[in-house]
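First up is the structure itself, then whatever we jot down about it.
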Amino acid sequence: MKHFKVCLIAIAVIVALCALIIIQSKPISNRIIKYIDNNIVESEESDDEKETVEIVLSDFTHFEWDKVLIFQYPTSENDIEEAIGDEFKGSTDLTAGMIFVKDNKIVKYEYFDFSYEAPPKFFIYPFTDINNENKFRVFSKENAIFSAKVEKSNKRYYVLYPKDDNE
């Protein structure tokens, strides 16, 4: 009977670890999109949503980090390495994304689809002025707060802007 209980506990731990791995591997952008869809209110006057939703980035991460770099094209690998204090081995060619850092070590990064032909389904701008000449910005965990909205043309696009541009 004691052996049975130990096996049952071991199975429960394995299932819990597998669930955690699945949650960790799901793109952060997908979790944010789901949250936006569940919390934004569509306007009755048009097909566009008028509301914005606050996104606290740390609410969507299940790992430790102390800063995040939000970048868009063109950002060089050298710019990224200087900003985060760690070597970056990912690609920056025609990409945008976010790089999470803990104690100056990269712990996770995620790219956003980027194309000049069509807007990406999900995009975080590093500045509220999308034409800002700087194409990347580091946010502390406490200040990584964004306003999200949905834009529509022939499909839905999820766009996030920094809540506070004073950092």
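These values consider heavy atoms only, across backbone and side chains, with no hydrogens, waters or symmetry-generated copies.
- Annotation: salt bridge (charged side-chain N to carboxylate O under 4.0 Å, His left out) contacts of E64 (sequence neighbours excluded): none.
- Residues passing the ring pair (Phe, Tyr, Trp, His ring centres under 6.0 Å) test with F146, sequence neighbours excluded: F139.
- Ring pair Y125/Y161 is parallel by interplanar angle, where below 30° counts as parallel and above 60° as perpendicular.
- A ring-centre distance under 6.0 Å is not found for F123 and Y158.
- Partners of N78 under the side chain to side chain contact (heavy atoms under 4.5 Å, CB included) rule, at least two apart in sequence or in another chain, are S76, E82.
- Closest non-hydrogen pair, D86 versus N104, comes out as CB-O, 3.1 Å.
- One distance of note links CG of N143 with NZ of K163; it measures 13.0 Å at 0.5 Å rounding.
- The side chain to side chain donor-acceptor pair (under 3.5 Å) check on E110 picks up S29, with sequence neighbours excluded.
- Partners of F100 by ring pair (Phe, Tyr, Trp, His ring centres under 6.0 Å), not counting sequence neighbours, listed by chain and number: F63, W65.
- By the ring pair (Phe, Tyr, Trp, His ring centres under 6.0 Å) test, F136 pairs with no residue at all, sequence neighbours left out.
- No single ILVMFWY cluster, assembled from side-chain heavy atoms under 4.5 Å apart, contains both I55 and I145.
- Partners of K141 according to the side chain to side chain donor-acceptor pair (under 3.5 Å) rule, which considers only residues two or more places apart in sequence or in another chain, do not exist here.
- Shown here are the salt bridge (charged side-chain N to carboxylate O under 4.0 Å, His left out) partners of D37, two or more places apart in sequence or in another chain: R156.
- Of all heavy-atom pairs spanning I84 and I99, the tightest one is CD1-CG2, 4.3 Å.
- The minimum heavy-atom distance between P162 and T128, with the atom names listed, is O-CG2, 3.2 Å.
- Partners of N30 under the side chain to side chain contact (heavy atoms under 4.5 Å, CB included) rule, at least two apart in sequence or in another chain, are K26, P27.
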